[in-house]
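When a residue number appears, it is its place in the shown sequence, counting from 1.
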Amino acid sequence: MAKSLTDILVTKGIIDLAEAASSQSEAKEKNAAIDEILYQHGVAETDVAEAKSALTGYPTKYLEGKEIPFELLRDIPEDAARFYHMAPLGREEGYFDVGMLMPENVAAQEALKFIASRTNLPLRVFIITPADFQNILREYQSLSGEVSKVLGQFEQEGAELKTAFPHGEEDASKIVEDAPVTKIVAVTIRHAVEGRASDIHIESSRDRVRIRFRVDGVLHTSLTLPRSVHPALVSRIKVMANLKIDETRVPQDGRFHISILGRDIDFRVSTLPTSFGEKVVIRILDPSGGVSSLTDLGLEGRNLELLEQNIKRPYGMILITGPTGSGKSTTLYAILKVINQEGVNIVSLEDPIEYYVSGVNQSQIRPEIGYDFANGLRHILRQDPDVILVGEIRDKETASLAIHAALTGHLVLSTLHTNNALGVIPRLIDMGIDPFLIAPTLILAVGQRLTRRLCIESRAKVKLTDKIKEFIMQEIEAMPGELSNKLKKSLPQEIYQAATSSSCPKGTRGRIGIFEVMSMTPELEQIILSAPAESKIQEEAKRQNMVSMRQDGILKVLKGEIGIHELLETV
């Protein structure tokens, strides 16, 4: 019967007798663990784990990239995990599963008994590999790990203060809400910025608080906290954003500015009353991110050509349309980058100023003191502008003033909330703008969406299935004639799809725009003045050879920039 790790490895043919003897001798000489010597000699970690399993009777468990939930990390403190070389793995089938590198360690076994008494669950011990153990230790350094430490401090201070003030729990809770919660908010914001998140969502339910980050347009749960933390968390954010702490019945909006990782970053805060407390959304605005070029955004071909032509015109109105978070403001900044020259006076009204552009006179509107888009526009016209940027047209008054500015010799750039470029004209009419004013002022309508971009390092080629090929061909058939014929002749047999890798865990990195651009023509003017139905506008768009957003997406799929699944999630 095998009596040691090396005996089992010899029996399995992993090493020979000579290697076993030399490993044992080296371990004794260096006063090191035998498994460490075996790793140095090239024995695989999984082979050593299986041998330990055979020796001790404990089964092995391999994580295979699986992350340990935040709640589990709290059951074994990081210091104990490092000292005893053990880590939590999960709660399954009524057991608390623990992974160990050295289950034969008597001190570690005693520590496990203490942990079992705290969890009120029977323990199951598994052998894990050093690589998996190191990955778990890194989890302690992640957002969950850092917050776990602070939460321990939060609960400890809460218990101490409630003992000290048994008849004044309200006063105790106010004191508890100070330092630990400040750290939780700071750590959460820092990890969101490091992780390239655009938004942080803090949502309360009956028994927990969920914190989600929006990365590349997709929400991911990053952290789950106890329900008791929620009031203090929201109060801390309200203090930072200069909002009313005692007002929880109505929505509030605010903003704050802090420096993180050497970058000055702005945060826009929105609160909303819900059944289980206020939901908080923090939009992350990094002015240091720089302004992209039009081609970087994803504009190409006819779309790019039309936009570049029309932004050179001395007057008229260009509207960028799409839902919230579709990148409209970023497109406006890219346009400003092109037309921002010494001889041009550009003035903007923004809420908020997302990027600072040298040479552009950017003004932050403040509705709370009566300085809104409409008021700002009246004053801008006295500033002798050549180009006016209005962050968003929200109402008839702002739309009328923007139209007036475009009629009187200014190039006006703005955004509008519609589903596509075709909806711009009906939306303006619905706002109360007369059709005879739209025809001579609107020169371009740009519809856009953002879709996740495939990671170049990890994307994988897949053959076109009949179903996907049929879908692509339907879109190609609907494209303008010359482009359609060209694509039919060169249709590839393979396309790219997202594939995960160590550098790209989700298979995508960043986002790219898909666009449609409709220009004002004499034919479109007649439609606006006579019968501006969307079906008539659709016919005119087809006559213009407009490429729709979905068709623009298909072009990017065929180039390998986005995947078909990412496109279908978007349009």
Output every pair passing ring pair (Phe, Tyr, Trp, His ring centres under 6.0 Å) with a member in residues 221-241, not counting sequence neighbours, ordered by first then second residue.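 Residue pairs with at least one partner in residues 221-241: there are none.
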Output all residues satisfying ring-ring contact (aromatic ring centres under 6.0 Å, His included) with [X], sequence neighbours left out; order by chain, then residue number.
{"X": "F126", "value": "none"}
{"X": "F373", "value": "none"}
{"X": "F267", "value": "F256"}

With [X] via side chain to side chain contact (heavy atoms under 4.5 Å, CB included) - residues at least two apart:
{"X": "D430", "result": "R427"}
{"X": "T295", "result": "S293, L304"}
{"X": "E45", "result": "Y39, T129, P130, A131"}
{"X": "A197", "result": "A192, F213, V215, I284"}

Where is the tightest heavy-atom contact between [X] and [Y], given as atom of each residue plus distance?
{"X": "L416", "Y": "K328", "result": "O-CD, 4.1 Å"}
{"X": "Q448", "Y": "P323", "result": "O-CD, 4.2 Å"}
{"X": "R196", "Y": "G510", "result": "NH1-N, 3.9 Å"}
{"X": "V357", "Y": "Q362", "result": "N-OE1, 2.8 Å"}
{"X": "A402", "Y": "L377", "result": "N-CD1, 3.8 Å"}

Short question: side chain of [X], backbone of [Y] - any donor-acceptor pair under 3.5 Å?
{"X": "D199", "Y": "R214", "answer": "no"}
{"X": "R452", "Y": "I562", "answer": "no"}
{"X": "R459", "Y": "G560", "answer": "yes"}
{"X": "E475", "Y": "R550", "answer": "no"}
{"X": "S270", "Y": "D253", "answer": "no"}
{"X": "D97", "Y": "R91", "answer": "no"}

Residues in side chain to side chain donor-acceptor pair (under 3.5 Å) with [X], at least two apart?
{"X": "R212", "value": "E203"}
{"X": "T451", "value": "T570"}
{"X": "H220", "value": "none"}

With respect to H417, which candidate in I393, T324, T321 satisfies the side-chain contact (heavy atoms from CB on, under 4.5 Å) definition?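 Exactly one option meets the side-chain contact (heavy atoms from CB on, under 4.5 Å) with H417, and it is T324.
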Criterion side-chain contact (heavy atoms from CB on, under 4.5 Å) against L307, the qualifying member of L444, V338, V517: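 It is L444; the other options fail the test.
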Using a 4.5 Å cut-off on heavy atoms from C-beta on, say whether the side chain of R511 contacts that of R453.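 They are not in side-chain contact.
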Would you tell me whether T508 and E566 have side-chain atoms, one donor and one acceptor, within less than 3.5 Å of each other?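 No, E566 and T508 have no side-chain donor paired with an acceptor closer than 3.5 Å.
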Acceptor/donor pairs from residues 241-248 side chains to any protein atom, 3.5 angstrom cut, sequence neighbours excluded:
unit_1: E247; atom_1: OE1; unit_2: R249; atom_2: NH2; d: 3.0
unit_1: E247; atom_1: OE2; unit_2: R249; atom_2: N; d: 2.9
unit_1: E247; atom_1: OE2; unit_2: R249; atom_2: NE; d: 3.1

State the NE2-CD1 distance between H201 and I282, to the nearest 0.5 angstrom.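 Nearest 0.5 Å value for the NE2-CD1 distance: 10.0 Å.
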Check the surroundings of atom CZ in F276: do more than 12 heavy atoms from other residues, nucleotides or ligands lie under 6.0 Å from it?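 Counting neighbours around CZ of F276, more than 12 heavy atoms of other residues, nucleotides or ligands fall under 6.0 Å, so yes.
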